[in-house]
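Presented below is the structure to which this report refers.
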Amino acid sequence: MTNEQSVAKAEAKIAKLKEDYVSCLTKIILRHADDNSSPTLEELLKCQRLSLIYFNYVEGFVGQSGL
């Protein structure tokens, strides 16, 4: 696999991970805006887990690429 292919593959994965994280967070925010409800512990932990997966992947990619 060429460097360009590796970067394209990583960019696609980063976009997917970000989409998953933002989607989770958006659901919580929109529900709170609608009915002023607080997120459950499960929802908060899911968002935290998704954010860690996303940010850790990006950090690892940057570290491995030497950027």
Side-chain angles (χ1 to χ4, degrees):
M1 184 179 291
T2 68
N3 286 342
E4 291 81 11
Q5 290 171 322
S6 295
V7 169
K9 184 177 178 183
E11 287 176 340
K13 181 163 181 158
I14 288 168
K16 174 68 172 121
L17 292 172
K18 182 180 178 183
E19 179 184 329
D20 293 345
Y21 168 53
V22 171
S23 175
C24 178
L25 194 56
T26 300
K27 288 177 188 175
I28 291 172
I29 292 168
L30 291 177
R31 193 181 75 236
H32 177 73
D34 285 343
D35 61 12
N36 202 31
S37 63
S38 296
T40 66
L41 180 57
E42 183 179 329
E43 290 171 323
L44 291 174
L45 290 174
K46 180 179 179 183
C47 279
Q48 181 185 31
R49 182 179 56 80
L50 292 172
S51 71
L52 287 173
I53 292 168
Y54 167 56
F55 289 111
N56 287 341
Y57 183 82
V58 172
E59 183 178 38
F61 173 72
V62 170
Q64 291 173 0
S65 69
L67 294 175

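One is the number of the first residue; the rest follow in order along the sequence. As the structure is a computational prediction, the values presented were derived from the model and not from experiment.
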Can you get from [X] to [Y] by hopping between Ile, Leu, Val, Met, Phe, Trp and Tyr side chains that sit under 4.5 Å apart?
X	Y	answer
I29	Y21	yes
V22	I28	no
I14	I53	yes
F55	L25	yes
V7	L17	yes

Applying side-chain contact (heavy atoms from CB on, under 4.5 Å) between Y54 and each of E59, R49, E19, K18, report the one that passes.
-> K18
Work out which heavy atom in R31 is nearest to a heavy atom in S37; give both atom names and the distance.
-> NE-OG, 3.0 Å
What is the minimum heavy-atom distance between L44 and P39, and which atoms define it?
-> CD2-CG, 3.7 Å
Between CD of E43 and CG of L41, what distance do you get to the nearest 0.5 Å?
->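 If we round to the nearest 0.5 Å, E43:CD and L41:CG are 10.0 Å apart.
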Atom pair OG (S51) and CG (D20), whose distance is rounded to the nearest 0.5 Å | 12.0 Å
By side chain to side chain contact (heavy atoms under 4.5 Å, CB included) - contacts of K9 (at least two apart) = M1
Decide if atom CD of Q5 counts as having more than 12 heavy atoms of other residues, nucleotides or ligands within a radius under 6.0 Å.
->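 Yes.
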